[in-house]
Amino acid sequence: MLKLLPFLLVTLAASPALAGATPWQDIAPGVKARLISNDTITNGMTLAGLELDMPQDTKTYWRVPGETGIPTEFSFDGTTGVDAPAVEWPYPQIDRSDGYLDYVYYGHIVLPIALKADGGEATLATAITLGICSDMCVPAHASFSLPLSFAKPDVGQAIRLSQAEALTPVPWDGAADSVGPVTSRADGLAIAGLDPAIQPDTVIADLGDPAMLFETPQKSPDGPLWTLKLLGGAATKGLEGRSVQLTFMTAKGPYVVTRQIAAPAH
């Protein structure tokens with residue numbers, strides 16, 4: 001398991017800000033971060049993002065960190081002129097380093113943030129806490145404040161944000177259901193069939209509880225059934241009626257569906 005270093009606080013770097021970006025901040029050895037924005041409005045929405053520049057052997061964590069990961073947390077206290085900030089999470093890498101299951105990003109990454117905007121001047125303020133891990137694991141904290149004028153789009157940041165959004169799972173839009181009914185089992189969950197377009201080893205099951213982690217699906221000998229075992233001996237009692245979000249990759253990119261867990265048929 002990775003060794004945990006003391007909590008790291010960082011302050012705003014002295015480098016000048018660009019129109020659609022805050023100055024870079026050093027948040028861990030060899031790692032810097034900034035807030036970016038396309039500084040434009042489309043259909044009442046604007047797009048910003050947290051940009052992380054990390055070495056290729058350094059990682060941080062998805063919204064579900066996994067067995068050993070540090071949760072990535074955002075606070076938007078102090079934001080004015082824009083509403084309902086929603087972090088969008090590009091599909092992560094499934095990491096099994098050191099025998100543990102984690103969901104991570106390596107190297108350079110942008111986490112988009114969608115916001116409602118009416119065109120008036122605004123300020124996006126955010127404080128983040130996240131884990132930065134290479135040989136050591138550092139919980140880092142940083143704060144940003146980015147003015148939004150919407151006077152002139154920032155084309156460079158818009159490209160970065162569009163590329164990140166292309167990696168963010170979207171609701172399934174295929175003609176047929178991508179995922180069959182989901183039922184509880186004594187050791188986890190069962191899915192009654194996956195669309196052939198889905199790469200089974202990319203399926204991530206999320207109950208909204210970081211303590212409830214599932215292995216990737218395994219093909220059952222019972223027809224089209226796929227099973228997902230709970231990790232760590234967590235109790236499966238009470239899963240019926242809960243919603244599970246299933247995120248997965250296809251050749252066309254990442255998708256997500258939500259299913260209600262049913263009791264097994266008897």
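From a predicted model like this one, the values you see are computed outputs, not experimental measurements.
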Check for me, please, whether Trp62 and Leu50 land in the same ILVMFWY cluster - side-chain distances under 4.5 Å, paths through other members count.
yes

To the nearest 0.5 Å, what is the distance between CG on Leu246 and CG on Leu194?
8.5 Å

If you round to the nearest 0.5 Å, how far is CZ of Phe76 from CG of Leu124?
6.5 Å

Would a hydrophobic clustering, with Ile, Leu, Val, Met, Phe, Trp and Tyr connected at side-chain separations under 4.5 Å, put Leu167 with Met249?
no

Is the closest side-chain heavy-atom distance between Asp209 and Arg242 below 4.5 Å?
yes

Indicate the ring-plane relationship of Trp89 and Tyr105, choosing parallel, tilted or perpendicular according to the 30° and 60° boundaries.
parallel

Tell me every residue that passes side-chain contact (heavy atoms from CB on, under 4.5 Å) with Leu101, counting only those two or more places apart in sequence or in another chain.
Glu67, Ile94, Arg96, Tyr103, Leu231

Look up atom OH in Tyr61 and atom CG in Asp95, then write down how far apart they are to the nearest 0.5 Å.
7.5 Å

If we ignore angles and hydrogens, is there a donor and acceptor under 3.5 Å between the side chains of Arg160 and Gln157?
yes

Indicate yes or no: at least one non-hydrogen side-chain atom of Leu230 is less than 4.5 angstrom from one of Met212.
yes

Quick one: are Leu115 and Pro85 in side-chain contact, heavy atoms under 4.5 Å?
yes

Evaluate side chain to side chain contact (heavy atoms under 4.5 Å, CB included) for Val64 paired with Ile204, printing each intermediate quantity in order.
CA-CA 10 Å; Val64 178; Ile204 302 171; 5.8 Å; no

Do the side chains of Val256 and Trp172 get nearer than 4.5 Å, heavy atoms only?
no

Any link between Phe144 and Leu130 through a network of hydrophobic side chains (Ile, Leu, Val, Met, Phe, Trp, Tyr) touching at under 4.5 Å?
yes

Residues forming a salt bridge (charged side-chain N to carboxylate O under 4.0 Å, His left out) with Asp206, sequence neighbours excluded:
Arg63

Euclidean distance, Met54 CE relative to His108 NE2, rounded to 0.5 Å:
9.0 Å

